[in-house]
2 protein chains.
Amino acid sequence: MFSIGTLAKRTGTKVPTIRYYEQIGLMPEPGRTEGGQRRYDAAALDRLAFIRHSRQLGFSLDAIRELLDLSDSPDRSCAQIDAVAQRQLSDVEARIARLEALRGELRRMIRDCNADRVSECRVLEVLRDHDECLASHDEPGG
Amino acid sequence: MFSIGTLAKRTGTKVPTIRYYEQIGLMPEPGRTEGGQRRYDAAALDRLAFIRHSRQLGFSLDAIRELLDLSDSPDRSCAQIDAVAQRQLSDVEARIARLEALRGELRRMIRDCNADRVSECRVLEVLRDHDECLASHDEPGG
DNA sequence: ATAGGACCTCGAGCCGCTAGAGGTTCAAGG
DNA sequence: CCTTGAACCTCTAGCGGCTCGAGGTCCTAT
């Protein structure tokens, strides 16, 4: 049985993040000392490590919740788990594609700017005129 | 002089987003009709188009504010503008690199999973054991 | 004159945390 | 056993960048 600070250190998570995960029901409520401090066991450590690693791979907390739920039924087919991972992969691939398009525009914009003064700055021109772009980068974010 | 809805349509922005930009001082307060409705002119349209396009290229609202401020001094050197764009490019490149690493892990994870049951699922194994990963994907997001 | 779409403000909610205030508990050293 | 001070507790608010809803007003076309 160890404290939230120890759990935080062992998983590379910040303490408030652990409390947040508990609050949203991703981590179960742990036992408490008489004084009211949280005390964790190895199971909690495993679960949090799973969550953190999934987060590092870009899974949303909802997707992680799904994975954790699915992993509680060891006899079921793992097709659903693979589907969650596949969705994540597709998502990552889409984001890469979008960012690569942005990278192209930014590079072109910077390369073409041989101006001295703001008034002739190619970067600003491109930002002003959408038509100067090759790709149609519709959605922000990514 | 046209309404916020017209401005929204012409720039592909949602109406509440325009009001939000005004609220945070990115768009100036426009004139109003007697009844209190906003009325915009061509300058507002240009400014909003610039903002939207910059957003599509991934610039933060703060960076856009900087670009807009800089573009008000046409006689200055455009080095600062290029620097903002360069920063953005570096940012995009870093995000691409990170996402490519994630993509690799996800692909490997999915490829290796030939299991039927959840209990043998390779995807879950990898998520449980950080050591199964090739790269050290430290920070989430990206 | 009236209908109804577009506008108004204000406040809350999304994700995934992060930070701060202000107070309590625990563990180590004396 | 007592003191210290680091670590814990709860609660609230904030970040970016919007998005949505409620409840009300205005404008324009018929």
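Quick note on labels: first sequence line is chain A, next is B, and so on, each numbered from 1. Here the structure is a predicted model, which means the values were calculated and not measured.
Nucleotide D:dA7 holds its P atom 17 Å from the CZ atom of A:F2, rounded to whole Å. As rounded to whole Å, 10 Å separates atom C1' of C:dG16 from atom CD1 of A:I64. The CD1 atom of A:I18 sits 14 Å away from the P atom of D:dA7 (whole-angstrom rounding). Separating the CG atom of B:L7 from the C1' atom of C:dC7 is a distance of 14 Å, rounded to the nearest angstrom. D:dA7 atom P lies 16 Å from atom NZ of A:K14, rounded to whole Å.
Take A:D82 and apply the salt bridge (Lys or Arg N to Asp or Glu O under 4.0 Å) test, not counting sequence neighbours, and it matches no residue. With sequence neighbours excluded, the residues satisfying salt bridge (Lys or Arg N to Asp or Glu O under 4.0 Å) with B:R107 are A:E93. B:D75 pairs by the salt bridge (Lys or Arg N to Asp or Glu O under 4.0 Å) definition with A:R117, not counting sequence neighbours.
Contact check on B:D91 versus B:R95 returns a salt bridge, with a Lys/Arg side-chain nitrogen under 4.0 Å from an Asp/Glu carboxylate oxygen.
For C:dC7, one of the phosphate oxygens OP1 or OP2 lies less than 4.0 angstrom from a side-chain nitrogen or oxygen of B:S3. The phosphate of C:dG16 has neither OP1 nor OP2 within less than 4.0 Å of any side-chain N or O from A:T17.
Across all strands shown, B:I4 has heavy atoms under 4.0 Å from sugar-phosphate atoms exclusively, and none from any base.
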Exercise answer: donor-acceptor pairs, residues 16-27 of chain A side-chain atoms, under 3.5 Å, sequence neighbours excluded:
residue, atom, partner, partner atom, Å
A:Y21, OH, A:R52, NH1, 2.5
A:E22, OE1, A:R38, NE, 2.7

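A heavy-atom distance below 4.0 Å to DNA chain D is reached by these residues of residues 25-41 of chain A, ordered by number: A:R32, A:G36, A:Q37, A:R38.
Stacking of A:R10 on the aromatic ring of A:F2 is recorded, both the 6.0 Å distance cut-off and the 45° axial limit being met.
In this structure, A:S54 OG and A:L68 CG are separated by 7.0 Å, a value rounded to the nearest 0.5 Å.
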Worksheet item: Do A:E125 and A:R122 pass the salt bridge (charged side-chain N to carboxylate O under 4.0 Å, His left out) test, and can you show the C-alpha distance, the side-chain angles, and the key distance before you say yes or no?
Response: CA-CA 5 Å; A:E125 279 172 34; A:R122 180 78 183 142; 3.4 Å; yes

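The heavy-atom pair separating A:S71 from B:L124 by the smallest distance is CB-CD1, 3.5 Å.
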Below 3.5 Å is the cut-off: list the nitrogen or oxygen pairs between protein and nucleotides 11-17 of chain D, distance only.
residue, atom, partner, partner atom, Å
D:dG17, OP2, B:L61, N, 3.3

